[in-house]
Amino acid sequence: MDRNRFSAIAHQHHAFSNPINEAKLMKMIQLLSLKPQDKVIDIGAGKCELLIRLVEEFKITGTAIELYEGAIEEAKRKATSRIPEGSIEYIVGDAKVAVQKQEGYDLGICIGSTHALGGLDTTLQAMKRLVNKNGYILIGEGYWKQRPCSEYLQALGGAAESDLKSHAENVIVAEELGMIPLWSYVANEDDWDDYEWLYSSSVENYCHENPDDPDCDAMLARIRSWRRTYLRWGRDTLGFGLYLFRNS
């Protein structure tokens with residue numbers, strides 16, 4: 001089974017592919033006071049829905065860095081009917097390499113993709129260089145709401161407790177780099193349930209409607225295992241925060 005295809009089916013109805021609800025995300029965007037031609041970079045941009053909306057609303061110029069070419073191809077299809085050609089530069093490749101030639105941004109975004117740059121610490125260090133002084137940095141990052149049990153870590157594929165910090169520690173890391181925290185939202189239980197049940201039901205419904213797909217058995221086994229993991233451990237253990245900083 002193609003994991004990228006599984007992920008695409010699972011998240012096809014979720015605009016931003018993270019559990020922060022859209023109203024919270026867009027409220028935080030309004031705090032930025034973006035101006036026409038401000039430069040915005042999104043690392044791990046996926047299908048670029050956020051960048052496209054920023055172009056639509058604020059007339060910014062965007063740079064999207066994304067590892068998966070399929071996501072960028074879909075982003076380009078969406079952008080064609082919504083924003084002027086050339087508003088977004090699309091870079092497909094390893095973020096660690098791609099960011100080396102970038103600088104001078106008014107806003108840096110990395111939501112749910114800090115792993116692309118080696119984790120939260122190294123992502124914030126990269127953002128400090130990429131973003132102009134007094135520019136903004138918007139990060140979406142997981143955190144532990146409580147200490148994860150060994151069974152949950154094993155169900156996540158051998159994850160380690162050290163892979164994530166606490167909510168407070170996510171903010172402290174940025175403060176220690178000289179960034180100024182301006183705002184934060186976290187996904188509440190309703191946000192998580194909306195996200196996870198949409199993730200689950202989209203796969204269940206796809207397989208129900210396409211029973212001849214040879215990947216159905218594998219997709220169903222995977223999503224049902226993931227659903228059990230979320231209900232048994234994840235809902236009480238894993239958090240997700242959206243963090244806004246000013247670069248100083």
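- The side chain to side chain donor-acceptor pair (under 3.5 Å) check on Ser184 picks up nothing, with sequence neighbours excluded.
- Among residues two or more places apart in sequence or in another chain, the side chain to side chain donor-acceptor pair (under 3.5 Å) test is passed with Tyr243 by His167, Asn170.
- Take Phe240 and apply the ring pair (Phe, Tyr, Trp, His ring centres under 6.0 Å) test, not counting sequence neighbours, and it matches no residue.
- Between Lys78 and Glu74, no side-chain nitrogen of the basic residue sits less than 4.0 Å from a carboxylate oxygen of the acidic one, so the salt-bridge criterion is not met.
- Residues passing the side chain to side chain donor-acceptor pair (under 3.5 Å) test with Glu66, sequence neighbours excluded: none.
- In this structure, the salt bridge (Lys or Arg N to Asp or Glu O under 4.0 Å) partners of Arg227, at least two apart in sequence or on a different chain, are Glu204.
- Checked against side chain to side chain donor-acceptor pair (under 3.5 Å), Glu56 has the following partners two or more places apart in sequence or in another chain: Arg82.
- Under the rule for a side chain to side chain contact (heavy atoms under 4.5 Å, CB included), the partners of Ser166 that lie at least two apart in sequence or sit in another chain are Ala168, Glu169.
- Between the side chain of Ser225 and the backbone N or O of Ala221 there is no donor-acceptor pair closer than 3.5 Å.
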Under 3.5 Å, side-chain donor or acceptor atoms of residues 23-41 against the rest of the protein: list the pairs with distances, not counting sequence neighbours.
from, atom 1, to, atom 2, distance (Å)
Lys24, NZ, Val186, O, 2.9
Lys24, NZ, Asp191, OD2, 2.8
Lys27, NZ, Tyr185, OH, 3.4
Gln30, NE2, Glu57, OE2, 2.8
Asp38, OD2, Lys35, N, 2.9
Lys39, NZ, Glu103, O, 3.3

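- No more than 12 heavy-atom neighbours from other residues, nucleotides or ligands sit within 6.0 angstrom of CH2 on Trp226.
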Give every donor-acceptor pair under 3.5 Å between a side-chain atom in residues 149-159 and any protein atom, sequence neighbours left out.
none

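- When the side chains of ILVMFWY residues are joined at heavy-atom separations under 4.5 Å, either directly or via intervening members, Met127 and Leu67 end up in two distinct hydrophobic clusters.
- Within the structure, salt bridge (charged side-chain N to carboxylate O under 4.0 Å, His left out) pairs that include any residue of residues 106-129 comprise Asp121-Lys165 (at least two apart or interchain).
- Within a 6.0 Å sphere centred on CG of Asp217, other residues, nucleotides and ligands contribute 12 heavy atoms or fewer.
- Residues in residues 83-102 take part in these side chain to side chain donor-acceptor pair (under 3.5 Å) pairs, two or more places apart or across chains: Gln102-Tyr105.
- Sorted by first and then second residue, the salt bridge (charged side-chain N to carboxylate O under 4.0 Å, His left out) pairs involving residues 230-240 (not counting sequence neighbours) are Glu189-Arg235, Asp193-Arg235.
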